[in-house]
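Accompanying notes for the structure given below.
Just so you know, these numbers use all the heavy atoms, side chains as well, and skip hydrogens, waters and symmetry mates. So you know, we letter chains A, B, ... as the sequences are listed, proteins then strands, and number each from 1. This one's a predicted model, so the numbers in the text were calculated from it and none came from an experiment.
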Number of protein chains: 2
Amino acid sequence: MRQNPARRAALLDAAIEVLAREGARGLTFRAVDAEAAVPVGTATNYFSSRDELFMQVGLRFYERLEPDAGVLAAGLAGPRDRDRVTELMHDVVNRVSAFRSGYLALLELRLESTRRPALRELLSERIRADVDANIRYHEEAGLPGDATTVVLLYMALNWLILERLTLPDVFPEDGIHDLVTDVVERVLPGPGRSG
Amino acid sequence: MRQNPARRAALLDAAIEVLAREGARGLTFRAVDAEAAVPVGTATNYFSSRDELFMQVGLRFYERLEPDAGVLAAGLAGPRDRDRVTELMHDVVNRVSAFRSGYLALLELRLESTRRPALRELLSERIRADVDANIRYHEEAGLPGDATTVVLLYMALNWLILERLTLPDVFPEDGIHDLVTDVVERVLPGPGRSG
DNA sequence: TTGACACCACTTCAGCCGTAGTACTATGTT
DNA sequence: AACATAGTACTACGGCTGAAGTGGTGTCAA
């Protein structure tokens with residue numbers, strides 16, 4: 001079991017690409033080696049089992065998507081009204097959408113977790129923590145809306161991203177922006193205007 | 001290319017189970033044969049290619065989930081208020097959730113459509129048609145809310161179902177009912193009460 | 001020199017495809 | 001009633017691909 005962290009990260013990033021491109025079943029040691037352009041056998045030396053590989057990929061995804069402290073701080077500046085929330089949601093949707101392979105890989109992991117109890121547990125905890133962190137952030141920032149608001153935004157926007165990344169013709173790209181705005185306007189009992 | 005429709009349907013149902021259980025890559029002619037408990041080679045005789053198989057499974061899913069006319073008619077009875085919508089949404093969520101393997105299979109198809117243009121086109125059209133049908137139904141029934149309302153319900157509830165079926169620990173089962181209610185209450189500008 | 005890491009080769013194994021070929025059944029014909 | 005044919009069901013074989021695992025060699029640095 002090798003330790004070189006840079007190489008390990010590179011392998012996990014390669015695994016994300018493989019997952020997105022080939023699906024869960026396509027995630028093999030060999031495929032990761034090939035994607036990372038390292039000699040055959042390298043991935044085997046870094047991960048004790050395929051199960052292990054799946055789980056580390058799940059963690060890696062969040063490592064890469066985790067908000068930079070800068071963005072977080074920016075959220076705390078300026079007025080705390082609904083427009084602010086809308087802005088933040090646009091940011092999030094675009095940031096996540098931009099990491100297409102990562103998001104698709106996570107979806108593959110979700111489905112794979114149906115078959116791997118250990119992975120399911122890990123993902124559940126990770127995602128629950130993520131939702132909770134969002135709720136806490138929202139509340140501490142004094143943004144309008146409560147925990148339920150955050151959960152609803154989480155659900156609707158996640159599906160929107162999923163749709164956008166898998167079947168872009170269902171909701172055409174140029175309508176996405178307005179759709180995000182609509183989501184926030186309807187979910188947040190509008191303080192200010194009502195249309 | 002055999003024609004026996006009952007057998008064909010049985011094979012497609014088997015394919016749904018395989019998709020849900022083994023993932024997209026696991027959907028092979030042999031696996032379908034085994035699942036349907038028919039001799040090896042049968043699926044090959046019914047579907048000209050794997051691509052063809054994927055597409056027919058997509059259609060089959062909707063065949064099986066398509067609302068019975070009874071349910072549709074029931075939606076038109078009684079008052080057309082928000083409580084009615086809530087009720088309908090509970091029905092939908094439960095009906096879809098109950099067809100677990102089907103829903104998981106459709107998610108697999110979505111991800112697979114990333115790699116199969118023909119499948120992507122087929123799914124896009126089918127789903128777009130489904131959304132439109134929901135909007136039309138909603139409007140014609142005189143239920144509160146507009147097209148955007150329906151789309152938002154579609155997005156939020158779909159993700160809710162996805163979460164429920166893949167990572168049930170994120171939103172515990174006994175909170176699902178209230179969550180559905182919350183979704184409707186927040187998305188529909190409440191005519192009547194506001195909390 | 002020893003140990004950690006990188007790289008390579010070989011063997012083994014499993015799964016799938018496609019096709020060819022056989023058996024069954026129903027239908028229509030003489 | 002016997003038979004021929006077509007559509008369908010089933011079986012078996014040959015060949016290919018791709019993955020795993022292991023062991024062995026090379027390289028660099030403490």
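- A donor-acceptor pair shorter than 3.5 Å can be found between the side chains of A:Gln56 and A:Arg8.
- Between the side chains of B:Glu163 and A:Tyr154, at least one donor-acceptor pair of N or O atoms lies under 3.5 Å.
- Residues meeting the ring-ring contact (aromatic ring centres under 6.0 Å, His included) test with B:Phe99, sequence neighbours left out: B:Phe61.
- B:Arg7 meets the side chain to side chain donor-acceptor pair (under 3.5 Å) test with no other residue; sequence neighbours excluded.
- Legend: residues meeting side chain to side chain donor-acceptor pair (under 3.5 Å) with A:Arg126, ordered by chain and number and at least two apart, are absent.
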Once each nucleotide of nucleotides 12-30 of chain D is scored for protein heavy atoms under 4.0 Å, what B/S/- sequence comes out, 5' to 3'? -B-----SBB---------

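- When DNA chain C is scanned 5' to 3' for any atom under 4.0 Å from a heavy atom of chain A, the first and last hits are C:dC5 to C:dC8.
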Below 3.5 Å, can you tabulate the donor-acceptor pairs from side chains in residues 27-36 of chain A to any protein atom, sequence neighbours excluded?
{"residue": "A:Thr28", "atom": "OG1", "partner": "A:Ala31", "partner atom": "N", "Å": "3.1"}
{"residue": "A:Asp33", "atom": "OD1", "partner": "A:Ala43", "partner atom": "N", "Å": "2.8"}
{"residue": "A:Asp33", "atom": "OD2", "partner": "A:Gly41", "partner atom": "N", "Å": "2.8"}
{"residue": "A:Glu35", "atom": "OE1", "partner": "A:Arg21", "partner atom": "NH2", "Å": "2.2"}

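- Inspection of the B:Asp132 and B:Tyr137 side chains reveals no N or O donor paired with an N or O acceptor under 3.5 Å.
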